[in-house]
Amino acid sequence: MPDPRERGFYARSVHDVACDLVGCVVRHGDAAGRIVEVESYHQEEPACHAFNGLTPRTEVLFGPPGLAYVYRSYGVHALLNAVSEDEGVGAAALIRALEPVDGIDAMRARRGLERVEDLCNGPGKLTQALGIWLDLNGTSLLGDGPIEILPRSDEPEIVTGTRIGINKAVELPWRFCDARSACVSRPWPPGHARRRR
DNA sequence: CATGGGATTGACT
DNA sequence: GTCAATCCCATGC
């Protein structure tokens, strides 16, 4: 598998990128977490911000692969994506949940919560826990910017499901989760350990 | 220029 | 299960 510190990792089908990001580690400053949930978005499909073409908001989405696309959601939260596919194609992998690895006390302080499972089990939660804000939109994820994504140290068992919180193209199975992680956001997809009989 | 709608979360019934 | 917070931006007149 390609290395997420190289641009080629992101210059592939956004679905492959999303799937391969599960198990990788995101670091920002002293805080880091293992990715346990990712969704893919592509310009050909109406749930993607790039569906309506190049606008001021989506400029980074169409930029070179390996950039962070950070945008404001519901006027309140920052959501972190990895820009994927070739430059000029609007596609990105939305990082939706992490298992805290490093800097857990700093995460607790930023989140105002104690339970480790609740620090990063949602896309707006993990940016708050890591201290990632909108000013990091457009920065590199390849190790030469403030946010870094490091390779897997193990091979996760991945379950797929439909994406969360959208009302267009809801049927596409473009959500990828670590089947065994306790930090996946709800609702859990079919086949997730917490949901098994 | 006015309006409507989110790739969410946390609090509450 | 419901709901408000909150603000940028895409859309339409």
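We name chains A, B, ... by the order of the sequence lines, and we start the count at 1 in each one.
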Problem set entry | Paired and unpaired positions of DNA chain C as dot-bracket, Watson-Crick or G-U wobble under 3.5 Å, | denoting a partner strand | |||||.||||||.

Problem set entry | T58(A) and H49(A) side chains, donor-acceptor separation under 3.5 Å | no

Problem set entry | Rounded distance in Å between the P positions of dT6(C) and dA2(B) | 22 Å

Exercise. Which part of the nucleic acid, if any, lies within contact of R163(A), taking any heavy atom under 4.0 Å across all strands shown: a base, the sugar-phosphate backbone alone, or nothing?
Worked result: nothing

Problem set entry | L113(A) or G165(A), whichever maps to the more 5' nucleotide of DNA chain B | G165(A)

Exercise. For I166(A), which contact category applies under a 4.0 Å heavy-atom criterion: base, sugar-phosphate, or nothing?
Worked result: sugar-phosphate

Exercise. In this structure, which one of E99(A), E117(A), R34(A) forms a side chain to side chain donor-acceptor pair (under 3.5 Å) with S181(A)?
Worked result: E99(A)

Problem set entry | Interatomic distance where CG belongs to L80(A) and C1' belongs to dT8(B) [whole Å] | 15 Å

Problem set entry | Ring-base stacking, Y71(A) with dA7(B) (5.5 Å, 30° cut-offs) | no

Seminar exercise, completed: The answer to which of R72(A) and G122(A) contacts DNA chain B further toward the 5' end, by nearest nucleotide, is R72(A)

For this session: Could you tell me whether R111(A) contacts a base, only the sugar-phosphate backbone, or nothing, with contacts defined as non-hydrogen atoms closer than 4.0 Å?
Result: sugar-phosphate

Exercise. Any side-chain heavy atom of V22(A) sitting closer than 4.5 Å to one from E37(A)?
Worked result: no

For this session: Measure from the side-chain heavy atoms of S73(A) and tell me the nearest of dT9(B), dT8(B), dA10(C).
Result: dT8(B)

Exercise. Strictly by modelled atom types, are Q128(A) and R110(A) linked by a side-chain donor-acceptor pair under 3.5 Å?
Worked result: no

For this session: Provide, to the nearest angstrom, the distance between the CD atom belonging to Q128(A) and the C1' atom belonging to dG10(B).
Result: 11 Å

For this session: Could you measure between the two C1' atoms, the one in dA7(B) and the one in dG1(C), and give it in whole Å?
Result: 22 Å

Exercise. Would R163(A) count as a cation-pi partner of Y41(A), with NZ or CZ less than 6.0 Å from the six-membered ring centre and within 45° of the ring normal?
Worked result: yes

Exercise. Base, sugar-phosphate alone, or nothing: which one does N167(A) contact when heavy atoms must sit under 4.0 Å apart?
Worked result: sugar-phosphate

For this session: Let me know the distance between CG of N137(A) and P of dC8(C), rounded to the nearest Å.
Result: 14 Å

Problem set entry | Nearest-angstrom distance from the residue atom CG of L134(A) to P of dG6(B) | 19 Å

Problem set entry | Within 6.0 Å of CG in D102(A), more than 12 heavy atoms from elsewhere | yes

Problem set entry | Quiz item: cation-pi between R5(A) and F9(A), 6.0 Å / 45° | no

Seminar exercise, completed: Out of dT9(B), dA7(B), dT11(C), minimum distance to the side chain of H77(A) belongs to dT9(B)

